[in-house]
Amino acid sequence: MGQRIHFVVDPQGWCCMGLIIFVWLYNTIFIPKVILLPHYEEGNISVLAVLCYYFCSLFCIASLFRASVADPGKLPENPKIPITEREHWELCNKCNVMRPKRSHHCSRCGHCVRRMDHHCPWINNCVGEDNHWLFLQLCFYTQILSSYTLILDFCHYYYFLPLKKENW
């Protein structure tokens, strides 16, 4: 996996990233303040549930930043093509760079990417050979955090609130 940092100047991508960070901050501040911490103080939720939520949230934002700044597999200007593989390379007609098969030119980024899957506006980066695993990690942690939040919301409205009304 490449270790180079990669930034894309794309206004739509920055808007999507800003929206994701806003939603993440809202959920990281609002959900614990309304659901987790009051029920923790009442003794309905353990400290492990609170810590799990914060760890899921931390993993989610860390994987977002890693996927958005990782190099997707950008091809260099003058790639060194092995003699045995020259028949499997072709010329990109948009950027005039020799590229291997299954590489594609991204119109948003302006360069060719090895094994490009797609350009994702939510991470403001292409998903290619070098950052595909990071993108999958982001999807996984986002799914875990979303599921955990939905479970907490369900418990709050269908278990904890009726429990409070009965105690009153």
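On a predicted model such as this, the values are computed, not experimentally measured, just so you know. Any value given below was found using the heavy atoms of this structure, including those in side chains, with hydrogens, waters and symmetry copies removed.
The line from CG of Leu48 to OH of Tyr53 is 15.5 Å long, rounded to the nearest 0.5 Å. The distance from atom CE of Met17 to atom CG of Asn125, rounded to the nearest 0.5 Å, is 9.5 Å. In this structure, OG in Ser103 is found 7.5 Å from CZ in Arg114, a value given to the nearest 0.5 Å. Of the inter-residue distances, the one linking His119 atom NE2 with Asn124 atom CG reads 5.5 Å to the nearest 0.5 angstrom. Atoms CZ and SG, on Phe140 and Cys60 in that order, are 11.0 Å from each other to the nearest 0.5 Å. For the atom pair Cys106 SG and His111 NE2, the distance stands at 6.5 Å (nearest 0.5 Å).
Counting heavy atoms from C-beta outward, Tyr141 and Ile61 have side chains that stay 4.5 Å or more apart. Met98 has its side chain out of reach of Glu90: every pair of non-hydrogen atoms, C-beta onward, lies at least 4.5 Å apart. Inter-residue side-chain proximity for Cys120 and Cys126 is flagged as unmet; no heavy-atom pair is nearer than 4.5 Å. Proximity of Val113 to Leu75: side-chain heavy atoms (C-beta onward) are nowhere separated by under 4.5 Å. Side-chain atoms of His105 and Cys95, non-hydrogen and from C-beta on, do get closer than 4.5 Å to each other.
Leu138 and Met116 fall into different hydrophobic clusters, where Ile, Leu, Val, Met, Phe, Trp and Tyr side chains are chained together by heavy-atom contacts under 4.5 Å. Each of Ile21 and Leu58 belongs to its own hydrophobic cluster when Ile, Leu, Val, Met, Phe, Trp and Tyr are linked at side-chain heavy-atom distances under 4.5 angstrom. In this structure, Ile29 is not a member of the same hydrophobic cluster as Tyr26, with clusters built from ILVMFWY side-chain heavy atoms closer than 4.5 Å. Leu145 and Val50 fall within a single hydrophobic cluster, where Ile, Leu, Val, Met, Phe, Trp and Tyr are joined by side-chain heavy atoms under 4.5 Å apart, directly or via other members. Hydrophobic cluster membership differs between Phe55 and Ile151, with clusters built from Ile, Leu, Val, Met, Phe, Trp and Tyr side chains linked at under 4.5 angstrom.
Closest heavy-atom contact between Asp71 and Lys74: OD1-N, 3.3 Å. Nearest heavy-atom pair across Thr28 and Ser57 is OG1-OG, 2.8 Å. For the pair Ser68 and Ile123, the tightest heavy-atom approach, listed with the atom from each and the gap, is CB-O, 3.0 Å. Shortest non-hydrogen contact noted between Tyr148 and Ala49 is OH-O, 2.7 Å. Minimum interatomic distance between Arg102 and His104 (heavy atoms only, all atoms of both residues): O-CD2, 3.7 Å. Closest heavy-atom contact between Cys56 and Ile144: SG-CG2, 3.6 Å.
More than 12 heavy atoms of other residues, nucleotides or ligands sit less than 6.0 Å from atom OH of Tyr54.
By the 30° and 60° cut-offs, the orientation of the rings of Phe135 relative to His132 is tilted.
Using modelled atom types, no side-chain atom of Asn27 and backbone atom of Trp24 make a donor-acceptor pair closer than 3.5 Å. Although no hydrogens or angles enter the test, the distance criterion places no donor-acceptor pair under 3.5 Å between the side chain of Thr142 and the main chain of Cys139.
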